[in-house]
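Since the structure comes first, as structure tokens, the remarks are kept for the end.
Below, read A as the first sequence line, B as the second, and so on, with proteins coming before strands; counting in each chain starts at 1.
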Amino acid sequence: MVDESVILFNELDPSLKNTHVRNVFMDGRQEEGLRLMDRMRSMKGLAPNVSTYNCLIDGFCKCGDVEKGKELFDQMNEVGVSPNVITLNILVDAYCDIDHIVKAVDLFDQMLASGCSPDASVYHRLIYGLCKAGRMDAASNVLSKLKEAGFRPDIVCYNSLVRGFCKKSMVDKAYDIIKEMEEAGVKHDSVSYNSLIAYFSQNGNFGLARKAMEWMINEGHVPTIATYGALIHAYCSNGNIKEAMKLFNDMSSISKIPPNTITYSIRIESLCNNNDINGAPFLVDDMKAKGVKPNSDTYNAMFEGLKENNLLEDAFILMDAMIEHACKPDYKTMEILTRWLSTVGKSEKLTSFIQGYKVSPLSE
DNA sequence: TTAGGGTTAG
């Protein structure tokens, strides 16, 4: 069979062949790209270059096949194409994304040992990935290596560390980082403040959280949706709905920040936790009116509330709404529904739901 | 002459 894409490829100027294959990979046509790469290798004086490999590896990683990406990375070494910092960044990001932190660190160490000199971005992204995974010892270790290599952490890197330490309740370490930022002349921003505000409010220290909000304003930073979100969530968890609502209103009226999916989900979750499931549909209507799209977390909060109140028929209607609005259930949705529906002998509804069929008797 | 592009709230 004649392969049209190969014929077209053959006619291209040699100088354009790598670009063409890159475009094929970036377009998500991995199989076709691989065929063209084979073709290239068989042509005299032509070979895929590092950027072609990078597009290919990135394509596989984005499709979730990171191991295939790593295989191709190894293949690069075999065929004599040296990986560069972009190759390394693609793989480090991909490993961090799927929480294969050890592999990300191994790859990084391997590159260091092989004499490749990563630029600051590789350190930055690895630190971010490690902080996100809560691996603060490893993150601190990479931070030291970054400094040894003569680089400096930037604001994003510092903020990742502040957040990581706050999440682990290692607030002294977070303060150390803030101090280091100040000494290094890197000015903290609203993101740095938001991590602290979230930490204080989660621990019920609302006085300090509000104080930090004041400091950030005095320093010329504007509170963001995350500032309000952290506080609203903490007040809701603490049962102080009045204060939460005040902030919700202040956010729109004073700060002119419209609520988003997360802010609404926080409030819906709070209603459900306080046995006020009847209030949830009104909030959903309000979201719709404001053009804010519910996501799986919004639905999950409502499913939890309906389950607590044993409102099975309402759950079926909600499952239909989820399908109708093309909102993909996540692992948490599946967990809630599996447990609930199997207990009440309605597992077949879950099967239909997964297959994308309506489940409510009202819609039949 | 390319390729990747990291931060905060639930």
Using only modelled atom types and a 3.5 angstrom limit, is any donor from either the side chain of [X] or the base of [N] paired with an acceptor on the other?
| X | N | value |
| --- | --- | --- |
| A/Asp297 | B/dG10 | yes |
| A/Asp154 | B/dG6 | yes |
| A/Asn84 | B/dA3 | yes |
| A/Ser121 | B/dG4 | yes |

At 4.0 Å (heavy atoms only), tell me whether [X] reaches a base, stays on the sugar-phosphate, or touches nothing.
| X | result |
| --- | --- |
| A/Asn260 | base |
| A/Ile225 | base |
| A/Asn295 | base |
| A/Asn18 | nothing |
| A/His124 | base |
| A/Ile90 | sugar-phosphate |
| A/Cys157 | base |
| A/Ile86 | base |
| A/Asp58 | sugar-phosphate |
| A/Thr19 | nothing |

Of all the nucleotides listed ([options]), which has the minimum atom distance to the side chain of [X]?
| X | options | value |
| --- | --- | --- |
| A/Ser51 | B/dG10, B/dT8, B/dT2 | B/dT2 |
| A/Val191 | B/dT7, B/dG10, B/dG5 | B/dT7 |
| A/Ala226 | B/dT8, B/dG10, B/dA3 | B/dT8 |
| A/Lys62 | B/dG5, B/dG10, B/dT8 | B/dG5 |
| A/Asp189 | B/dT8, B/dA3, B/dT7 | B/dT7 |
| A/Cys55 | B/dA3, B/dG5, B/dT7 | B/dA3 |

Quick test of your reading of the model: are A/Glu180 and A/Lys173 salt-bridged, counting only N-O distances below 4.0 Å?
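Salt bridge flag = no for A/Lys173 with A/Glu180.
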Grab the [atom1]-[atom2] distance between [X] and [N] for me, whole Å please.
| X | N | atom1 | atom2 | value |
| --- | --- | --- | --- | --- |
| A/Met216 | B/dT7 | CE | C1' | 14 Å |
| A/Asn159 | B/dT7 | CG | C1' | 6 Å |
| A/Ile127 | B/dT7 | CD1 | C1' | 13 Å |
| A/Phe25 | B/dT2 | CZ | P | 19 Å |
| A/Leu161 | B/dG6 | CG | P | 17 Å |
| A/Tyr53 | B/dG4 | OH | P | 17 Å |
| A/Asn238 | B/dG10 | CG | P | 14 Å |
| A/Tyr193 | B/dT7 | OH | C1' | 17 Å |

When you check the phosphate oxygens OP1 and OP2 of B/dG10, does a side-chain N or O of A/Lys167 lie under 4.0 Å from one of them?
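So the side chain of A/Lys167 is within the cut-off, an N or O lying under 4.0 Å from OP1 or OP2 of B/dG10.
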Can the positive tip of [X] be found less than 6.0 Å from the middle of the six-membered ring of [Y], inside 45° of the ring normal?
| X | Y | value |
| --- | --- | --- |
| A/Lys349 | A/Phe316 | yes |
| A/Lys167 | A/Tyr199 | no |
| A/Arg39 | A/Phe9 | no |

For residues 76-83 of chain A, which side-chain N or O atoms pair as donor and acceptor with protein atoms under 3.5 Å away, sequence neighbours left out?
none

For this output row, return yes or no: ring centroids of A/Phe206 and A/Tyr235 closer than 6.0 angstrom.
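Ring centroids of A/Phe206 and A/Tyr235 are less than 6.0 Å from each other.
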Nearest heavy-atom pair of A/Ile266 and A/Cys236: which atoms, and what distance?
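Residues A/Ile266 and A/Cys236, closest heavy atoms: CG2-SG, 4.2 Å.
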